[in-house]
Amino acid sequence: EMTEHDDHDVRVRATDCTLGIAAAWNDALVAGRPGALSVVSDDGDRTIASPLHLERVAASPRGPFVAGAAEGELLVWQLDDVLPRHLSDDSPTGAGFATPDAVIASFDGAPAQWIDLRTNEATPLAELPPIAQVVPSPDGQRAVVIDTSHHARIVAQLGDPTELPGEVTAAQFLDARRLALATASGV
């Protein structure tokens, strides 16, 4: 026996939901079995292995957590850590990390954005060609953005980008003040 999705593709087998199936956060479904959870969403399906033998599983459509009772332990998973977050309705052409929790993304026909992943706050930058590489500075205050045509710019959350000369194939900050650039003529 199989559980089917509206488009009649098999999404979860009956053996995957022996502990039940529940509506979960962001329109996902969670199915439980003793060794794993199956998360079914419009962003793709995932299987999460449980470190212990699950006996019960619970989820809520109003919160991002899934709880499981397992061998005298209460285990909790956060669906925000499993399901992708949609950050923009614009069509991205490239992206890279400016800091461990900020992304610089270029968009088709729209300004690039410096996006703080903790707050989802997006700071518009200039319109940039598709990003091929982002090289963050050690202090996280700026980054070198190299586009697909090998033009490079130093960008920061505030202010206009600073164009760098020549065709740049790679870049690396040596420290907070010095930058090495690889070009066709050398480093």
Could you go through Val66 and Val76, starting from their C-alpha distance and side-chain angles, then the distance that decides it, and tell me whether this counts as side-chain contact (heavy atoms from CB on, under 4.5 Å)? CA-CA 6 Å; Val66 176; Val76 178; over 6 Å; no
>> How about CZ on Arg62, more than 12 heavy atoms from neighbouring residues, nucleotides or ligands closer than 6.0 Å, or not?
In response: no
Tell me whether the count of non-hydrogen atoms from other residues, nucleotides or ligands lying under 6.0 Å of CG in Asp108 goes above 12.
no
Between the CZ atom in Arg178 and the CZ atom in Phe173, the distance rounded to the nearest 0.5 Å is 12.5 Å
When every non-hydrogen atom of Asp139 is compared with those of Ala176, the smallest separation belongs to OD2-CB, 4.4 Å
Taking the side chain as every heavy atom from C-beta outward, state whether Ile131 and Ile146 have any atom pair closer than 4.5 Å. no
Residues Pro136 and Ala98: closest non-hydrogen pair is CB-O, 2.9 Å
Salt-bridged, Arg118 to Asp116, with N to O below 4.0 Å?
-> yes
dist Glu121:CD -> Trp114:CH2 (nearest 0.5 Å) comes out at 12.5 Å
Tightest non-hydrogen contact, residues Ala95 and Val134, listed as C-CG2, 4.5 Å
dist Phe107:CZ -> Ser88:OG (nearest 0.5 Å) comes out at 4.0 Å
(request) Mark yes when over 12 heavy atoms from residues, nucleotides or ligands other than Asp27 sit less than 6.0 Å from its CG; otherwise mark no. (result) no
request  = Give a yes or no on whether Val145 and Leu164 share a hydrophobic cluster (residues Ile, Leu, Val, Met, Phe, Trp, Tyr; joining criterion: side-chain heavy atoms under 4.5 Å apart).
outcome  = no
Query raised in the report: Are any of the side-chain heavy atoms of Ser38 and Asp45 separated by less than 4.5 Å?
Result: no
Exercise. Sub-3.5 Å donor-acceptor pair from the side chain of Thr169 to the main-chain atoms of Ala182, do we have one?
Worked result: yes
Under 3.5 Å, is there a donor-acceptor pair between the side chain of Asn26 and the main chain of Ala28?
no
Residues Thr93 and Pro130: closest non-hydrogen pair is OG1-CA, 3.4 Å
Does Asp160 CG have over 12 foreign heavy atoms under 6.0 Å away? no
inquiry  = Using the rule that Ile, Leu, Val, Met, Phe, Trp and Tyr join whenever any side-chain heavy atoms are under 4.5 Å apart, tell me whether Val168 and Val155 fall into a single cluster.
reply    = no
(request) For Ser137 and Arg142, indicate whether the former's side chain and the latter's backbone hold a donor-acceptor pair under 3.5 Å. (result) yes
Next on the checklist: The test is side-chain contact (heavy atoms from CB on, under 4.5 Å); show your working for Gln141 and Thr99 and say whether it passes.
Outcome noted: CA-CA 8 Å; Gln141 298 301 307; Thr99 71; over 6 Å; no
Do Val144 and Leu179 have side-chain heavy atoms sitting under 4.5 Å apart? yes
Check: Looking only at atom types and distance, does a side-chain atom of Glu71 sit under 3.5 Å from a main-chain N or O of His53, one as donor and one as acceptor?
Finding: yes
Worksheet item: Does a side-chain heavy-atom distance below 4.5 Å link Leu79 with Phe65?
Response: no
From the list Leu83, Leu29, Val30, side-chain contact (heavy atoms from CB on, under 4.5 Å) partner of Ser41 resolves to Leu83
Inset, instruction - May I have the step-by-step check of side-chain contact (heavy atoms from CB on, under 4.5 Å) for Arg153 and Asp147, ending in yes or no? - result: CA-CA 9 Å; Arg153 298 154 188 85; Asp147 65 39; 2.9 Å; yes
Q | Close side-chain approach of Trp77 to Ser50, heavy-atom, < 4.5 Å | A | yes
- Item | Linked, directly or transitively: Leu181 and Ile154 (ILVMFWY side chains, under 4.5 Å) | yes
- Item | Heavy-atom side-chain contact between Arg46 and Leu37 under 4.5 Å | no
Linked, directly or transitively: Ile21 and Leu19 (ILVMFWY side chains, under 4.5 Å)
no
Heavy-atom closest pair (Gln157 atom, Leu125 atom, distance to 0.1 Å) is O-CD2, 4.2 Å
- Query: Under 4.5 Å between any side-chain heavy atoms of Thr47 and Arg33, yes or no?
  - Reply: yes
query: So Glu167 and Thr183, side-chain contact (heavy atoms from CB on, under 4.5 Å) or not? Walk me through it.
result: CA-CA 6 Å; Glu167 287 193 9; Thr183 66; 5.9 Å; no
Using only atom types and a distance under 3.5 Å, with no angle test, would you say the side chain of Ser106 pairs donor to acceptor with the backbone of Gly94? yes
Within 6.0 angstrom of Phe97 CZ, more than 12 heavy atoms from elsewhere: no
Notebook entry, point to check: So, do Asn120 and Arg85 sit near enough that their side-chain heavy atoms are less than 4.5 Å apart?
Noted result: yes
To the nearest 0.5 Å, atom CG of Leu75 lies from atom CD of Glu73 at 6.5 Å
